[in-house]
Participant: 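Take a look at the following structure, please.
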Amino acid sequence: MTDSFQTLSDLLHTRHSCRGFRPDPVPRDVAERIIAAAGRVPSWCNAQPWQVIVTTPPQTAALSDALLHAVQTDAPAPDLDWPKRYTGVYQDRRRTCGFQLYEAIGIDRGDRDARHAQMLENYRFFGAPHVAIVTSDADLGPYGAMDTGGFVAAFTLAAQALGVASIPQAAIAAYAPTLRRVLDIPDDRLILCAISFGYADPDHPANTFRTERAPLDQVIDWRT
């Protein structure tokens, strides 16, 4: 039991959101192992509402082109409402993450053009050869989406265990109509996010920083 916990803890501590990938594709059997492992997470009534569309490099490039065009021409139209706002500690954490990224890649905080260019890297999937578009059954509503969040987390850990880097991306879901058109996603599937994955480029400066986690006293409210 101690060894199992340590293995899981090591995966949780070493996993990070990769923002610079090598072009090398991930073998299909490795991707399938990741998805099969992630599918072991619990879900309400064992509904397992998640499905993924996984692209190979040519399709990844075509989808990127379509999304970059949509960013220039279309208003965001996600299937799920965006957060109303970030306030307090949530805004602090969000800003800290952004500032860490800008510092790592040498962008001045006031350089709006460079910040915009970096934002567009979301739609290039940070150079990843693959992207998994994650959907949930629309009839299951927020609980299906919550269950699918567990699948996303497990995907990133299973990938880490197999030496595959990943980054979940809510930004991709902002252009749900484009994803539906390009990937033929039916209306009864909620588009929740994407997971870009591949092999990390260890020399990319965006991969040099790590975010911190809240201390337990900000997470646990013991009642005695």
Side-chain angles (χ1 to χ4, degrees), residues 1-19 33-52 78-104 109 122 126 132-174 190-197 200 206-224:
M1 292 293 291
T2 301
D3 290 344
S4 295
F5 178 81
Q6 189 60 54
T7 297
L8 176 59
S9 181
D10 289 345
L11 289 171
L12 287 163
H13 280 83
T14 56
R15 186 218 65 81
H16 71 284
S17 291
C18 181
R19 292 179 175 86
R33 289 179 67 190
I34 292 168
I35 295 166
R40 299 301 305 179
V41 296
S43 59
W44 193 351
C45 303
N46 197 34
Q48 304 174 58
W50 47 80
Q51 291 181 5
V52 291
D79 284 351
L80 296 183
D81 290 339
W82 253 208
K84 292 180 180 179
R85 57 190 170 275
Y86 288 88
T87 60
V89 68
Y90 310 114
Q91 176 72 327
D92 292 342
R93 293 169 186 165
R94 185 170 185 259
R95 283 176 173 165
T96 298
C97 180
F99 291 154
Q100 284 182 290
L101 172 60
Y102 298 149
E103 182 177 359
R109 294 183 186 184
N122 279 282
F126 302 105
I133 304 300
V134 183
T135 70
S136 174
D137 189 286
D139 286 343
L140 298 182
Y143 283 94
M146 181 181 72
D147 285 341
T148 304
F151 172 86
V152 171
F155 183 109
T156 67
L157 293 176
Q160 181 70 22
L162 291 173
V164 176
S166 65
I167 179 170
Q169 294 177 255
I172 305 305
L190 292 176
I191 299 171
L192 303 182
C193 69
I195 309 173
S196 296
F197 67 99
N207 289 331
T208 60
F209 79 94
R210 298 292 183 269
T211 54
E212 296 183 350
R213 291 299 180 267
L216 286 181
D217 61 6
Q218 292 184 18
V219 177
I220 302 175
D221 180 5
W222 286 107
R223 303 298 176 98
T224 58

Participant: Taking all heavy atoms of Val164 and all of Phe197, pick out the closest pair and write down the distance.
Facilitator: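 So the minimum-distance heavy-atom pair works out to CG1-CD1, 4.0 Å.
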Participant: Using modelled atom types only, decide if a donor and an acceptor are shared between the side chain of Thr14 and the backbone of Asp10 within a distance under 3.5 Å.
Facilitator: yes
Participant: Report the residue from Ile195, Val52, Ile191 that forms a side-chain contact (heavy atoms from CB on, under 4.5 Å) with Ile133.
Facilitator: Ile191
Participant: Please round to the nearest 0.5 Å and tell me the distance separating atom CD1 of Ile34 and atom CD of Gln160.
Facilitator: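 Nearest 0.5 Å value for the CD1-CD distance: 10.0 Å.
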Participant: Which value, rounded to the nearest 0.5 Å, describes the distance between Leu12 atom CG and Thr7 atom OG1?
Facilitator: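 Nearest 0.5 Å value for the CG-OG1 distance: 11.0 Å.
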Participant: With heavy-atom distances below 4.5 Å as the criterion, would you say the side chains of Pro168 and Thr156 are in contact?
Facilitator: yes
Participant: Distance check, rounded to the nearest 0.5 Å: Asp147 atom CG versus Leu140 atom CG?
Facilitator: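 It comes to 8.0 Å.
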Participant: Under 3.5 Å, is there a donor-acceptor pair between the Gln100 and Thr211 side chains?
Facilitator: no
Participant: At their closest point, which heavy atom of Ala145 faces which heavy atom of Ser136, and how far apart are they?
Facilitator: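 Nearest pair, atom of Ala145 first, then Ser136: N-OG, 3.8 Å.
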Participant: Show the atom names and distances, to 0.1 Å, of all donor-acceptor pairs under 3.5 Å that link a side chain in residues 40-50 to residues at least two apart or in another chain.
Facilitator:
residue	atom	partner	partner atom	Å
Ser43	OG	Ala47	N	3.2
Ser43	OG	Gln48	N	2.9
Asn46	OD1	Gln48	NE2	3.1

Participant: Taking the side chain as every heavy atom from C-beta outward, state whether Asp79 and Thr135 have any pair of such atoms under 4.5 Å apart.
Facilitator: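 Answer no - side chains too far apart.
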Participant: My understanding is that only residues two or more places apart in sequence, or in another chain, count here; which of them pass side chain to side chain contact (heavy atoms under 4.5 Å, CB included) with Pro142?
Facilitator: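 Result, side chain to side chain contact (heavy atoms under 4.5 Å, CB included) vs Pro142: none returned.
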Participant: Would you find more than 12 non-hydrogen atoms of other residues, nucleotides or ligands less than 6.0 Å from Ile220 atom CD1?
Facilitator: yes
Participant: At their closest point, which heavy atom of Pro78 faces which heavy atom of Trp82, and how far apart are they?
Facilitator: CB-CZ3, 3.3 Å
Participant: Around atom CD of Glu212, are there more than 12 heavy atoms from other residues, nucleotides or ligands closer than 6.0 Å?
Facilitator: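 Counting other residues, nucleotides and ligands, CD of Glu212 stays at 12 neighbours or fewer.
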Participant: More than 12 heavy atoms of other residues, nucleotides or ligands under 6.0 Å from CZ of Arg93: yes or no?
Facilitator: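 More than 12 within 6.0 Å, yes.
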Participant: Given side chains that start at C-beta, do those of Phe151 and Ile35 come closer than 4.5 Å, heavy atoms only?
Facilitator: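 Heavy-atom side-chain distance check passes, below 4.5 Å.
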Participant: Once rounded to the nearest 0.5 Å, what's the spacing between atom OH of Tyr90 and atom CZ of Arg94?
Facilitator: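 Going from OH on Tyr90 over to CZ on Arg94, the span is 14.5 Å.
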Participant: CZ/Arg213 to NE2/His13 distance, rounded to the nearest 0.5 angstrom?
Facilitator: 9.0 Å
Participant: How long is the span from the CG atom in Leu101 to the OG1 atom in Thr208, to the nearest 0.5 Å?
Facilitator: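 Atom-to-atom, Leu101:CG and Thr208:OG1 are 9.0 Å apart.
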Participant: Could you give me the CA-CA distance, side-chain angles and deciding distance for Ser17 and Arg19, then say whether side chain to side chain donor-acceptor pair (under 3.5 Å) is met?
Facilitator: CA-CA 6 Å; Ser17 291; Arg19 292 179 175 86; 5.0 Å; no
Participant: Check whether more than 12 heavy atoms from other residues, nucleotides or ligands sit under 6.0 Å from atom CD of Gln91, and answer yes or no.
Facilitator: yes
